[in-house]
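I have placed the structure first, in the form of C-alpha cells, so that the comments after it can refer back to it.
In listed order, ligands and their atoms are each counted from 1.
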Amino acid sequence: MDSEFIDFIDWDNLGFDVVETRSMYYATCHKNEEWKEGNIIPYGTIELSPAAGVLNYGQGVFEGTKAFRTMKDRVILFRPELNATRIGSSTRRLCIPEIGKDFFLNAIEQTLIDNIDYTPPKGKGSLYIRPIVWGTGPALGVKPVDEYTFIVFVSPVGSYFKDNKKRLNLVVTEDYHRAAPMGIGNAKAIGNYSASLLPLTKAKESGFDDVIFLNASNENMIDEISSANLFVLKGNILKTPHLGGSILPGVTRDSVIKIADKIMNLKVQETDVTIEELLDADEIFCTGTAVVVTSVGNVSFQGEDHMIGIAGERSIAEQLKKILLGIQQEEIEDPFGWITPVSAH
Ligand SMILES: *Cc1c(COP(=O)(O)O)cnc(C)c1O
C-alpha cells in the first residue's frame, strides 16, 4: 500500500495550497483552429510574451475538479463532463478557441494518471485538478490574440477553510459587485476573481471568512460568495439563486440540488433569493468543488450580526455533505451515474 503514495507529503495535514507534482498537460492552438492533442511535460514554469493577451486583457478561463481515492481502492473523477461543458461555454464567451469535451476529458485523465500517486489516501483529501487556458499570443490593441495555451496541473488538497469544523462567518457587501448579469460572471473567467480580491481582503481583515455579493441589477437579491454558490433553507424549502447570468453554474450546486430533491425530499427552488430570506433562514450553506458543502454560522449585514440556525450532525448541510462525500468516496451507492473510474490503483 505505502508504495502507491508519494512519501514526502504529510497526508494528515493537507490544506488548500499548491503542492508541485510530477507533470502537467500542455497544448497550444491558433485562432480559428482546433485543439490538437498536447503532451505531458514536467511540472514547471512557462515563458510568456509581456504582450500576451492574458497578461494585458485578462483573456483566460479555468476549471476545477477533484479526483478521489475510494472505498473500492481506485481513483475516480466526479462528473468531469460538466466541467468539460462549462469550459466549452467559458472559452466561447472569452473568444478562446472552444475547448471540446473529448479533448478536455482526455487531457485531465492523462494528467491524473501520470500523477496518480499524488492522490491522497481515502479520507485525507483529494487531488485537485486545475485545467486553465489563456490567450498567450501578443496584442497591443484589444482583440482576441492569435495563440492560446492550455495547461492542466494538479495539487493534493485537504480542506479549503483552515478550521474544517467551524461554521463560516460571512459579510454581505454593499460596496462591491462580483459580476454583472450580462458580463462574465457565469463563465469561470480569471477576471471575476480579481474583482473579488479587495472585498475578500477587507472582509478577512475584519474577521470574516468570505463575502456575500448582491445581484448587480437588483441589490435586494443575493448572488454568491467569491468562489462558491449559496443555499438558503427555511422549513423544507431549499432555495438557491437561479442562474441569471452573474452566477457561476457550479457542479456542486447542481449535485446538491439533485441530492436534496431526489434523496432528501426537500422542495428545491432555483429562484430569486432576497436578503430578507437570507437573514431569516434556518440554515445557510455554500457549495463548491473546493469548499464542498460548508455551513454558515453568521451573516453580517449593515453592521449587524445574524446568527443562523442549527449546527452539527442534524443540520441539512451536514447531511448533504455526507451523502455527497459518500458518493465521491464510493461509500454509498451512486444513484446518479456521477462517478468515472480512472484506474485500479
Ligand atoms: C468554481 C466556482 C463555484 C463552484 O463551482 P463548482 O463547479 O461547484 O466547483 C461557484 N462560484 C464561483 C464564483 C466559482 O468560481
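Residues satisfying the side-chain contact (heavy atoms from CB on, under 4.5 Å) test with D223, not counting sequence neighbours, are N215, S246, I247.
Applying the salt bridge (Lys or Arg N to Asp or Glu O under 4.0 Å) definition to pairs two or more places apart or across chains, those involving residues 255-266 are D254-K258. Note on residues 225-240: pairs passing salt bridge (Lys or Arg N to Asp or Glu O under 4.0 Å), not counting sequence neighbours, are K234-D280, K234-D282, K239-E277.
Salt-bridge check for R74 with E330: passed, with a basic side-chain N closer than 4.0 Å to an acidic carboxylate O. Of the charged side-chain nitrogens involved, at least one lies within less than 4.0 Å of a carboxylate oxygen, so that E331 and K122 count as a salt-bridged pair.
Under 4.0 Å from any atom of ligand 1, one finds heavy atoms of residues R86, R178, K188, Y193, E224, S226, S227, A228, N229, L248, G250, V251, T252, G288, T289.
Between the side chains of D146 and H30, no donor N or O sits under 3.5 Å from an acceptor N or O.
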